[in-house]
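Report on one structure; see the data block that follows.
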Amino acid sequence: MKLETIAKPGKPNADDLVPSRYALSVGDLDVLVISDGVLPLPTETMATNVDPAVRAAWFKDMFVGPDMFDWALNVLVVRSGDQTILVDAGLGGQFSGFPRAGQFPKRLEAAGIDLASVTDVVITHMHMDHVGGLLVDDVKQRLRPDVRIHVSATEVAFWDAPDFTFTSMPTPVPKVLRSTAAQFIKEYRDKLKTFDEECEIAPGVVAKVTGGHTPGHCVVQLNSGGERLTFAGDALFPVGFDHPDWHNGFEHDPEESVRVRVRLLQDAAASGELLVATHLPFPSVGHVAVDGDAFRWVAAFWDY
Ligand SMILES: [Zn+2]
């Protein structure tokens with residue numbers, strides 16, 4: 001994933017008319033954000049605890065909606081020394097109705113990264129849009145047999161008997177989430193490396209449990225040469241800067257999710273680090289500023 005690798009991509013992909021990979025470095029770490037595509041979702045899932053008119057006004061101000069909007073799906077690849085780390089794996093192409101998602105395997109290949117070179121995978125949480133990509137036959141077959149899959153022990157335990165009491169998801173979703181998580185455990189049980197509070201995946205790469213979105217949800221912090229980047233997973237959504245207190249329908253503990261989000265945004269604003277999140281618009285690389293009682297997203301100027 002050094003720049004010379006990026007400059008020699010795999011097969012050119014004539015279908016890709018928009019940028020789908022973005023490379024940057026964090027100290028000695030090489031980082032690549034890859035778009036898995038987009039997932040259309042009802043806007044009402046983005047704020048379940050506010051007046052629908054208030055929610056509609058926010059989306060109108062953002063020039064998206066009114067009923068559906070495209071949720072971005074970003075996957076991170078990090079190279080630290082001789083380790084290549086994948087953070088999440090996108091939705092996969094096996095779910096009908098999402099033809100524009102599940103792009104990450106071909107885009108990884110187009111970026112010159114062989115799935116067989118991946119030594120570690122970090123799963124922020126076991127929702128289908130984060131583990132689904134690992135359930136695609138072609139991906140399973142190309143991953144090396146000794147790949148390590150890091151996920152929090154709390155997350156694995158949670159999906160034994162997941163609680164959807166406080167979620168507000170479209171009808172078939174809880175059932176599909178449950179079966180996808182079960183399938184993930186079944187397929188990868190012998191490769192799982194579980195951790196409690198945090199885990200150093202590689203030099204400068206640490207996974208840290210936050211809870212909230214799911215009880216075992218983790219973020220991934222990169223720290224090298226005085227530079228920092230946090231991959232926030234699903235601790236943060238596009239509405240979260242203006243309205244960190246808005247509950248998201250996919251959060252299993254919405255109130256804890258708010259606390260996690262506010263802390264994450266405060267830390268990012270104070271440190272000036274880069275932030276990337278799964279569902280912020282690609283490439284989702286930017287900084288956080290404090291804006292009164294809320295926050296402001298400051299997209300990074302692209303580095304060419
Ligand atoms: Zn997600």
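Counting starts at 1 for both ligands and their atoms, in listed order.
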Original post:
Measuring to the Zn ion (ligand 1), does H130 have an N/O/S atom at a distance below 2.8 Å?
Top reply: yes
**OP:** Decide, counting backbone as well as side-chain atoms, whether H125 has an N, O or S atom less than 2.8 Å from the Zn ion (ligand 1).
**Re:** no
Original post:
Out of the N/O/S atoms in D234, what is the name of the one closest to the Zn ion (ligand 1)?
Top reply: OD2
**OP:** Check D129 and report its N/O/S atom nearest to the Zn ion (ligand 1), by atom name.
**Re:** OD2
**OP:** Could you tell me whether the side chain of Q83 and the main chain of I201 form a donor-acceptor pair under 3.5 Å?
**Re:** yes
Original post:
Considering only heavy atoms from C-beta outward, does the side chain of I85 approach that of V121 to under 4.5 Å?
Top reply: no
Subject >> Centroid-centroid under 6.0 Å between H127 and H252 rings >> reply: yes
Subject >> Salt bridge flag under 4.0 Å for residues D245 and R261 >> reply: no
